[in-house]
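All remarks here apply to the structure that follows.
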Number of protein chains: 2
Amino acid sequence: MRQMKLDNFDRQLLNLVQADSSQTTERLAEQVALSPSAIQRRLRRLREQGVIVRETALVEPKEVGRPSFFVVSLQVERERPELLMQLRKWLEAEPRIQQAFYVTGEADFVLVVTAPDTETYDALMSRLVSENPNVSRFTTNVALGIVKRGLTIPVPLASENSD
Amino acid sequence: MRQMKLDNFDRQLLNLVQADSSQTTERLAEQVALSPSAIQRRLRRLREQGVIVRETALVEPKEVGRPSFFVVSLQVERERPELLMQLRKWLEAEPRIQQAFYVTGEADFVLVVTAPDTETYDALMSRLVSENPNVSRFTTNVALGIVKRGLTIPVPLASENSD
DNA sequence: GGTGAAAGACACCAATG
DNA sequence: CATTGGTGTCTTTCACC
C-alpha cells in the first residue's frame, strides 16, 4: 500500500503546497495545467492517502520571545529494545523536541530542540536523562543563528533527472 | 519594531495554527473565546506583522520516493566574513538543505539535508565544498529513521510559567 | 472539466469597556 | 479609541453532472 503512484501533476502540486498551502485551487490551477476541480480532487486524494500529512503555520522565533534552538546528539546504551521504544515515545510527546532523527555514526539520535531560555533547556534535558535510563550521554550545540528553517522535500518530476 | 506584544488570544491562536493551519475561523473561534471576526482580524495582523511567516503542507517522505535525510556538521575556515555570507546564501538557495543552524561547539554549522539517494547527496556535498572554499571539513550522520519532524514553537501563555 | 449550492472569508457596521 | 461581535457581499469550496 505504500509508495503511491504520483504523476507529474501531483508532484507539481506537492511542490507548490509545500511552499504555500494557503493558495486557492484557482491559483494552483494557473500554475499546474489543470482545472480547479481537478486540483481539488487531487489535493483531497493526497490528503486522504497521507501524502500530505498536515498543514501548518510557520512562526517567526524573533516575534514570539526569541526562543533558543539547540542541536543535541544523544548516545544511548545499546540495545535494550523496550527502553528505545520508550525514548522514542518520550521524544514524540515532548513539544519542545521539534525533530528527532535516529542516525548512524557516533551519536544515536540527533534532536532539534527549542526552549525559551537555557534554564528551560537544561531542565528539559535533565528530565530526559532521568526519565530515560538508557541515555548515557548527550552533547549540545547551541544555535547562534538560524540560516534556514523548513521541512520541504523537493519532489522531482518524472521526466527530470535526479540532478 | 521587533518583539510584538501578543496577548493570550494571539498566543493560543499561534499554537492552534501551528498544529493545523487549515482550520476555519469558526473552528478556531470555538477553541479560543472570540468571535470568528476577531479571529480573522488577528490572523491577518499576525501575518502582516510577520509573526506567521507562511503556511505550508507537510509531506510524508515514504510517499514521495523515500528520500534519505542527513544531519551534517560543517567546519569552516574561521573568519572570512565575505565567504561566510556567501555560504549562507548558498545554503539558503539550495532546496535540499532543509535547515541550517549556525552553532557553538566543534561544528560551525549543522545542516539537515534531504536527497533522493546517497549519490545525489554526495554530489550535493561535493558542490558545496567546491563552491565554498572556506568549508574545511564536514561529517555526515545518515538518518536511519525519523522519530519526529516539525517546526512548532510552543508559545506559552502570559499567565503560565515557563515550565 | 464545468456548474449550481453551501460554506467560508472579507469589508463594513454599531456597540462596548 | 481600540477592539469587539454582527450583517451583507463576495470568494472559494464542495458535490454532482
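Letters A, B, ... mirror the listed sequences (proteins, then strands); counts begin at 1. The structure presented is a predicted model; accordingly, all values stated were derived computationally and were not measured.
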Side-chain donor-acceptor distances from residues 28-41 of chain B under 3.5 Å, at least two apart:
unit_1 : atom_1 : unit_2 : atom_2 : d
B:Q31  : NE2    : B:Q23  : OE1    : 2.7
B:Q31  : NE2    : B:R27  : O      : 3.2
B:S35  : OG     : B:A38  : N      : 3.3

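When DNA chain D is scanned 5' to 3' for any atom under 4.0 Å from a heavy atom of chain A, the first and last hits are D:dT12 to D:dC14.
Separating the CZ atom of B:R42 from the P atom of C:dC10 is a distance of 16 Å, rounded to the nearest angstrom. A:Q40 places its CD atom 15 Å from the P atom of C:dT3, with the value rounded to the nearest Å. Note: CD (B:E26) to P (C:dA9) measures 8 Å, nearest angstrom.
When the C1' atoms of four end pairs are superposed on the next four at each end of the helix from C:dG1-D:dC17 to C:dG17-D:dC1, using five pairs per end, the two resulting axes differ in direction by 30°, to 10°.
Remark: B:R149 is not positioned above the aromatic ring of A:F101, lacking an NZ or CZ atom under 6.0 angstrom from the ring centre and at most 45 degrees off the axis. Cation-pi geometry between B:R88 and B:Y102 is met: the NZ or CZ atom falls under 6.0 Å from the ring centre, inside 45° of the normal.
Listed by residue number, there are no residues of residues 13-22 of chain B with a heavy-atom contact under 4.0 Å to DNA chain D.
Checking A:Q99 against B:Q99 by side-chain atom types alone, a donor-acceptor pair falls below 3.5 Å.
Summarising the geometry, atom CD belonging to B:Q49 is positioned 8.0 Å from atom CG belonging to B:D10; distances are rounded to the nearest 0.5 Å. Atoms OH and CZ, on A:Y121 and A:F69 in that order, are 13.5 Å from each other to the nearest 0.5 Å.
Counting side-chain heavy-atom gaps under 4.5 Å among Ile, Leu, Val, Met, Phe, Trp and Tyr, B:L83 is found in no cluster with other residues.
Remark: A:N8 engages no residue in a side chain to side chain donor-acceptor pair (under 3.5 Å) (not counting sequence neighbours). Contacts of A:E60 classified as side chain to side chain contact (heavy atoms under 4.5 Å, CB included), with partners at least two apart in sequence or in another chain: A:K62, A:E63, B:V53. Residues passing the side chain to side chain donor-acceptor pair (under 3.5 Å) test with A:E94 are A:R127, sequence neighbours excluded. In this view, B:D122 and B:T118 satisfy the side chain to side chain contact (heavy atoms under 4.5 Å, CB included) rule, not counting sequence neighbours. Partners of B:T56 under the side chain to side chain donor-acceptor pair (under 3.5 Å) rule, at least two apart in sequence or in another chain, do not exist in this structure. Every residue two or more places apart in sequence or in another chain that forms a side chain to side chain donor-acceptor pair (under 3.5 Å) with B:R44 is listed here: B:E48.
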Quiz item: Which nucleotides of nucleotides 12-17 of chain C have their base under 4.0 Å from a protein heavy atom (B), which only their sugar-phosphate (S), and which neither (-), written as one string 5' to 3'?
Solution: ------
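Between B:A33 and A:Q23, the residue anchored closer to the 5' end of DNA chain D is B:A33, taking for each the nucleotide with the nearest heavy atom.
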